[in-house]
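Heavy atoms only: backbone and side chains are in, while hydrogens, waters and symmetry mates are out.
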Amino acid sequence: MKYINIANTELNVSNMIMGNMRLTQLSLPEAEKLIRTAMDEGINFFDHADIYGKGKCEEIFSDAIQMNPSIREKMILQSKCGIISPEGYFDFSKEHIIESVNGILKRLKTDYLDILLLHRPDPLMDPAEVAEAFEELHTNGKVKYFGVSNHNPAQIELLQKYIPYKLVVNQLQFSIAHTPMIDSGIALNMKNDQAINRDSSILEYCRLQDITMQAWSPYQHGFFEGSFLGDLERFPKLNEVIDTIAGKYGVTNTAIATAWITRHPANIQVVLGTTNVERLKDACKGAEITLTREEWYQIYKAAGNIVP
């Protein structure tokens, strides 16, 4: 396992993150095995959100691991708030943020979060009100650091203008088959679809501002449209190239898909959402592989992208 320092914090974290969105699919013994396997593999960072299972995932996590102070000190816990329901609306009001964090802490059986993220941009956000919520949570020792998820540079700048604490994380969708963060930069000034800037150069912005990026859905394409790994109907060339490189390193395709993300010099953390113990182990092996530039570009082109 590789570890990185999140800039402007005292946190030394694994570049693999265990995501807990699907814990409701597991029994308590299965959840415990998954969490302990993650820790055995060197993962010390665990990502949650109050919308995951409507809070049930956080309860399962703390119950399965039998949360106590000695276990808590070995973990970096992150959670997110702001989504009321997937089909509903967002809420960044001071009242909701504070209420959400209190619920998260209760469910996780801890006194504090290492990082709190605002889950998705709320167009009705009052940044001064968010700042008041963050100030209260930090002063009361309930949240150490703050960040965002799925936010563009201007949205981050607006928040940062009012918030006295440096935003340290931005969690974004990124995988071999979902690469808008790098596509337009490679195809700059070309008259094709890849050259369209869909993300306001968020990758470069986060690097300039020392904001650590976290990649969610690292093996998916589209918006929860399934994994590209093993999908020979839609991604035959990509799978062929990945499998060939996996054979060279003696690992699975999951490890190579992981290594492709961690090869980027931005030190992007990879959020592993699997509930499969063996797949989690396979993914962690990718953290130990450094692909060559040629291999990285081979994979990128095999996904259907242009390298001029």
May I ask you to list the residues sharing a hydrophobic cluster with Tyr89, side-chain cutoff 4.5 Å, ordered by chain and number?
-> Ile84

Keeping the roles fixed (side chain from Asn68, backbone from Ser70), state whether a donor-acceptor pair exists under 3.5 Å.
-> yes

Asp63: salt bridge (Lys or Arg N to Asp or Glu O under 4.0 Å) partners, not counting sequence neighbours = Lys109

Pair listing, side chain to side chain donor-acceptor pair (under 3.5 Å) test, anchored in residues 4-17, at least two apart | Asn5-Asn12, Ser14-Asn44

Common cluster, Val169/Tyr145, ILVMFWY with side-chain heavy-atom separation under 4.5 Å | yes

Where the side chain of Gln194 meets the backbone of Ile306, is there a donor-acceptor pair that is under 3.5 Å apart?
-> yes

Verify the neighbour count for atom CG of Asp111: are there more than 12 heavy atoms of other residues, nucleotides or ligands below 6.0 Å?
-> no

Quick one: does Tyr165's side chain get under 4.5 Å of Lys144's, heavy atoms only?
-> no

Any side-chain donor-acceptor pair under 3.5 Å between Tyr52 and Lys80?
-> yes

Pairs involving residues 19-45, ordered by first then second residue, that meet salt bridge (Lys or Arg N to Asp or Glu O under 4.0 Å) (sequence neighbours left out) = Glu32-Arg36

By side chain to side chain contact (heavy atoms under 4.5 Å, CB included), which residues pair with Ala195, not counting sequence neighbours?
-> Ala187, Met190, Asn192

Closest approach of Gly230 to Asn253 (non-hydrogen atoms, all atoms of both residues) | N-ND2, 4.3 Å

Treating Ile, Leu, Val, Met, Phe, Trp and Tyr as nodes and any side-chain heavy-atom pair under 4.5 angstrom as an edge, say whether Phe235 and Val307 lie in one connected cluster.
-> yes

Enumerate donor-acceptor pairs with a distance under 3.5 Å from any side-chain N or O in residues 199-211 to protein atoms, sequence neighbours excluded.
residue : atom : partner : partner atom : Å
Asp199  : OD1  : Ser201  : N            : 3.3
Ser201  : OG   : Asn197  : ND2          : 3.2
Tyr205  : OH   : Glu157  : OE2          : 2.7

Counting only N and O atoms by type, is there a donor-acceptor contact under 3.5 Å from the side chain of Gln160 to the main-chain atoms of Leu167?
-> yes

Side chain to side chain donor-acceptor pair (under 3.5 Å) contacts touching residues 114-133 (sequence neighbours left out) = Arg72-Asp114

Should the heavy atoms of other residues, nucleotides or ligands under 6.0 Å from OH of Tyr3 be counted, would the total exceed 12?
-> yes

Should we count NZ of Lys2 as having more than 12 external heavy atoms under 6.0 Å?
-> yes

Shortest non-hydrogen contact from Val130 toward Met125 = CG2-CG, 3.8 Å

Would you call Glu288-Lys285 a salt bridge at under 4.0 Å N-O?
-> no

Evaluate the side-chain proximity of Leu113 to Leu108: yes if any heavy-atom separation is below 4.5 Å, no if none is.
-> yes

Taking a hydrophobic cluster as the set of Ile, Leu, Val, Met, Phe, Trp and Tyr residues connected by side-chain heavy atoms closer than 4.5 Å, whether directly or through intermediates, do Leu229 and Tyr249 fall within one such cluster?
-> yes

Residues which pass ring-ring contact (aromatic ring centres under 6.0 Å, His included) with Phe92, listed by chain and number, not counting sequence neighbours = none

Should Arg263 and Thr290 count as side-chain neighbours, where that means a heavy-atom distance under 4.5 Å?
-> yes

So do Met75 and Ile65 actually touch side chain to side chain, heavy atoms under 4.5 Å?
-> yes

Kindly work out whether a path of hydrophobic side-chain contacts (I/L/V/M/F/W/Y, heavy atoms less than 4.5 Å apart) joins Val270 to Val168.
-> no

Side chains of Ile43 and Leu272: does their closest heavy-atom pair fall under 4.5 Å?
-> yes

Shortest non-hydrogen contact between Glu58 and Ser79, atoms and distance = OE2-OG, 2.8 Å

Name all pairs fulfilling the side chain to side chain donor-acceptor pair (under 3.5 Å) condition that reach into residues 215-224, sequence neighbours left out, sorted by first residue then second.
-> Asn150-Trp216, Tyr219-Thr258

Which pair of heavy atoms, one from Ile299 and one from Leu238, lies closest together, and at what distance?
-> O-CD1, 3.6 Å

Rounded to the nearest 0.5 Å, what's the gap from CD on Gln171 to CG on Leu117? Could you check?
-> 6.0 Å

Under a single-linkage definition using a 4.5 Å side-chain heavy-atom cutoff for Ile, Leu, Val, Met, Phe, Trp and Tyr, are Leu34 and Phe45 assigned to the same hydrophobic cluster?
-> no

Keeping the roles fixed (side chain from His151, backbone from Ser149), state whether a donor-acceptor pair exists under 3.5 Å.
-> yes

If a pair satisfies ring pair (Phe, Tyr, Trp, His ring centres under 6.0 Å) and one of its residues is in residues 168-193, list it, with sequence neighbours excluded.
-> Phe174-Trp260

Minimum heavy-atom distance Ala283-Met16, with the two atoms named | O-SD, 4.0 Å

With sequence neighbours left out, which residue pairs that include part of residues 224-245 fulfil the side chain to side chain donor-acceptor pair (under 3.5 Å) condition?
-> Asp231-Arg234

Decide yes or no for Ile156 and Leu159: does some side-chain heavy atom of the first lie under 4.5 Å from some side-chain heavy atom of the second?
-> no

Would you give the length of the straight line joining atom CD1 of Ile242 to atom OG1 of Thr254, rounded to the nearest 0.5 angstrom?
-> 9.0 Å

Between OG1 of Thr262 and CG of Leu291, what distance do you get to the nearest 0.5 Å?
-> 7.0 Å

In terms of side-chain geometry, is the basic nitrogen of Glu295 or Lys248 positioned less than 4.0 Å from the acidic oxygen of its partner?
-> yes

Spacing of Asp282 atom CG and Thr274 atom OG1 [to the nearest 0.5 Å] = 9.5 Å

N/O donor-acceptor pair under 3.5 Å between Asn20 side chain and Leu23 backbone | no

Rounded to the nearest 0.5 Å, how far apart are CZ of Phe61 and CG of Asp47?
-> 10.5 Å

Could you list the residues that satisfy ring-ring contact (aromatic ring centres under 6.0 Å, His included) with Tyr112, not counting sequence neighbours?
-> none

Pair Asn305, Tyr297: side-chain N/O donor-acceptor within cut-off below 3.5 Å | no

Euclidean distance, Leu118 CG relative to Asn170 CG, rounded to 0.5 Å = 10.5 Å

Closest non-hydrogen atom pair, Cys57 against Thr24 | SG-CG2, 3.8 Å

If we only count heavy atoms from C-beta on, is the Asp183 to Tyr300 side-chain gap below 4.5 Å?
-> yes

Determine, stepwise, if the pair Ile6 / Gln269 fulfils side chain to side chain contact (heavy atoms under 4.5 Å, CB included).
-> CA-CA 10 Å; Ile6 294 183; Gln269 289 182 284; 4.2 Å; yes

Should Thr212 and Asn267 count as side-chain neighbours, where that means a heavy-atom distance under 4.5 Å?
-> no

